[in-house]
Amino acid sequence: MRACRREPVPHTPVWFMRQAGRSLPEYRQVRADVPMLAACATPDLIVEITMQPIRRYGVDAAIFFSDIVVPLKAIGIDLDIKPGVGPVVADPIRDRRGVAALRRLEPDDVPYVTEAIQSLVKELGGTPLIGFAGAPFTLASYLIEGGPSKNHDHTKAMMYGDAPLWHALMDRLTTIVTDHLRLQVEAGASAIQLFDSWVGAVAPADYREFVMPYTSRIFAALADLSVPRIHFGVGTGELLALLGEAGADVVGVDWRVPLDEAARRVGPGKALQGNLDPATLLAPFDVVAERARDILARGGKAEGHIFNLGHGVLPGTDPDQLARLTALVHES
């Protein structure tokens with residue numbers, strides 16, 4: 001929490017995106033016969049899976065176990081998470097009828113979120129819990145494309161070709177995301193992270209026109225809660241200055257831009273989070289250690305630094321690599 005606020009810290013804090021995931025044998029055991037969205041709606045499972053990496057690694061923060069499409073499912077969108085594919089939407093949204101189906105998220109739509117967070121806060125003690133949500137652009141892409149997309153063809157076709165429809169969709173998603181994040185903080189989350197996984201597909205000028213107003217609105221709407229706000233996107237090296245401008249307290253950086261350069265691009269007044277390439281953890285640990293120390297040195301150029309990966313833990317990662325990396329960061 002101090003690193004998020006750019007205050008002095010005794011050591012660089014560390015947590016990992018997707019740290020409660022498929023690399024952990026205990027995760028695979030509890031998820032063996034449980035579909036992803038069912039697990040995300042079961043408080044006991046949410047608590048157990050969120051706690052697993054805290055017990056194993058001793059990281060400095062927990063990330064709430066969920067998925068970015070949970071609020072969309074909760075308001076009635078017909079979607080599922082298919083193993084090996086990702087979120088798949090039965091009826092992609094490409095017209096005003098589809099946009100009109102996106103109603104506001106009410107607390108009663110996601111009672112399991114509130115219940116799980118309240119239980120987690122008690123169990124975590126002094127360890128912060130990070131709540132999260134998918135950003136409007138990434139949610140819009142899933143809804144428009146009907147699933148993951150390489151080129152975001154339909155998404156960009158709407159953005160460029162029917163701007164009023166695009167803005168109507170983004171407006172509704174912004175309200176849903178804001179309500180979802182606020183609900184998590186009010187239940188006890190110590191910080192929030194907004195994931196914009198696909199926004200690296202957008203050019204800077206288009207980001208400023210079609211995406212940034214909605215991201216900024218979310219961060220502004222949460223300002224009164226006085227919790228750190230983290231913003232992370234993949235492939236966003238050309239957008240880092242704009243991500244900093246959008247209103248978050250911490251900008252997450254993927255592995256493509258060195259942290260000292262990222263600090264220059266983001267500008268003053270922000271902490272940084274990142275940015276070890278997740279695939280590095282598949283190499284021998286001496287390689288991991290060398291690269292981690294380089295990141296820690298470069299992170300010293302930022303006003304605050306939270307060590308993390310440049311994206312989520314890969315399923316084939318040896319959990320012992322993460323345990324050793326956590327210890328190395330703390331010792332350094």
Side-chain angles (χ1 to χ4, degrees), residues 4-6 68 71-72 99 102 104-105 130-144 152 155-156 158-160 162-186 189-254 257 262-274 302-304 306:
C4 285
R5 295 178 173 130
R6 298 174 288 119
I68 64 171
L72 301 180
V99 172
L102 292 170
R104 285 194 74 151
L105 181 76
I130 303 169
F132 80 92
F137 176 85
T138 293
L139 294 179
S141 180
Y142 278 120
L143 289 172
I144 296 167
H152 309 278
T155 304
K156 290 186 175 182
M158 182 191 294
M159 193 168 70
Y160 299 145
D162 192 345
L165 182 60
W166 171 261
H167 287 298
L169 174 58
M170 291 290 280
D171 177 70
R172 295 220 175 193
L173 288 172
T174 297
T175 300
I176 291 166
V177 171
T178 301
D179 289 344
H180 191 217
L181 288 171
R182 178 170 282 275
L183 181 146
Q184 292 176 63
V185 175
E186 289 173 346
S190 301
I192 59 97
Q193 176 159 304
L194 191 66
F195 283 87
D196 216 345
S197 310
W198 303 134
V199 79
V202 176
D206 292 327
Y207 179 86
R208 185 178 287 280
E209 179 179 356
F210 294 108
V211 181
M212 187 169 160
Y214 302 100
T215 309
S216 297
R217 197 171 105 196
I218 291 168
F219 290 134
L222 301 172
D224 66 299
L225 297 173
S226 299
V227 298
R229 298 155 297 174
I230 309 167
H231 191 21
F232 172 73
V234 182
T236 52
E238 296 300 320
L239 303 177
L240 283 173
L242 293 169
L243 263 60
E245 202 178 313
D249 305 290
V250 183
V251 176
V253 184
D254 77 6
V257 179
R264 187 191 68 78
R265 295 185 191 186
V266 170
K270 307 289 177 183
L272 296 187
Q273 178 178 279
E303 295 179 25
I306 300 153

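The basis for the numbers below is simple: all heavy atoms, side chains too, and nothing from hydrogens, waters or symmetry mates.
Residues satisfying the side-chain hydrogen bond (donor to acceptor under 3.5 Å, both in side chains) test with E186, not counting sequence neighbours, are none. With sequence neighbours left out, A220 forms a side chain to side chain contact (heavy atoms under 4.5 Å, CB included) with no residue at all. By the salt bridge (charged side-chain N to carboxylate O under 4.0 Å, His left out) test, R172 pairs with no residue at all, sequence neighbours left out. Listed by chain and number, the residues in a salt bridge (charged side-chain N to carboxylate O under 4.0 Å, His left out) with D171 are R217 (sequence neighbours excluded). Partners of A221 under the side chain to side chain contact (heavy atoms under 4.5 Å, CB included) rule, at least two apart in sequence or in another chain, are T178. R104 is linked by a salt bridge (charged side-chain N to carboxylate O under 4.0 Å, His left out) to D179, counting only residues two or more places apart in sequence or in another chain. Looking at residues two or more places apart in sequence or on another chain, you find a side chain to side chain contact (heavy atoms under 4.5 Å, CB included) between P268 and E303.
Of the possible donor and acceptor atoms, one in the side chain of R229 sits under 3.5 Å from a partner among the backbone N and O of F219. Between the side chain of T215 and the backbone N or O of A246, no donor-acceptor pair lies under 3.5 Å. Between the side chain of K270 and the backbone N or O of G244, at least one donor-acceptor pair lies under 3.5 Å.
Between L169 atom CG and I144 atom CD1 the span is 5.0 Å, to the nearest 0.5 Å. The line from CG of L102 to CG of L143 is 6.0 Å long, rounded to the nearest 0.5 Å. Here L181 contributes atom CG and L225 contributes atom CG; the two are 9.5 Å apart, rounded to the nearest 0.5 Å. Atom CZ of F195 and atom CZ of F132 lie 6.0 Å apart (nearest 0.5 Å).
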Taking it one step at a time, do V185 and L222 satisfy side chain to side chain contact (heavy atoms under 4.5 Å, CB included)? CA-CA 9 Å; V185 175; L222 301 172; 5.7 Å; no
Could you please spell out the steps behind the side chain to side chain contact (heavy atoms under 4.5 Å, CB included) verdict for C4 and D249? CA-CA 7 Å; C4 285; D249 305 290; 5.7 Å; no
Before giving the answer on side chain to side chain contact (heavy atoms under 4.5 Å, CB included), spell out for L173 and Y214 the whole-Å C-alpha distance, their side-chain angles and the decisive distance to 0.1 Å. CA-CA 9 Å; L173 288 172; Y214 302 100; over 6 Å; no
Evaluate side chain to side chain contact (heavy atoms under 4.5 Å, CB included) for I130 paired with S190, printing each intermediate quantity in order. CA-CA 6 Å; I130 303 169; S190 301; over 6 Å; no
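The aromatic rings of H152 and F137 lie tilted to each other, with the angle between the two planes from 30° to 60°.
Of all the heavy atoms in G134 and V177, the pair that sits closest is O-CG2, 3.3 Å. Across all their heavy atoms, G304 and R6 have their closest contact at N-CG, 4.1 Å. The nearest pair of heavy atoms linking P71 to I176 is CB-CG2, 4.0 Å. When all heavy atoms of K156 and A201 are compared, the pair lying nearest together is NZ-O, 2.7 Å.
I68 has its side chain within reach of L139: a pair of non-hydrogen atoms, C-beta onward, lies under 4.5 Å apart. Side chains of P228 and I192 form no contact here, defined as non-hydrogen atoms less than 4.5 Å apart. Put simply, the side chain of D224 reaches to within 4.5 Å of the side chain of R182, judged on heavy atoms.
The list of side chain to side chain donor-acceptor pair (under 3.5 Å) pairs with a residue in residues 192-201, not counting sequence neighbours, reads T138-D196, Y142-W198, Q193-Q273. Among pairs with a residue in residues 202-215, those fulfilling salt bridge (Lys or Arg N to Asp or Glu O under 4.0 Å) read R208-E245, at least two apart in sequence or across chains.
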Compile the donor-acceptor pairs under 3.5 Å between side chains in residues 230-243 and protein atoms, sequence neighbours left out, one pair per line.
from: H231; atom 1: ND1; to: L194; atom 2: O; distance (Å): 3.4
from: T236; atom 1: OG1; to: G233; atom 2: O; distance (Å): 3.3

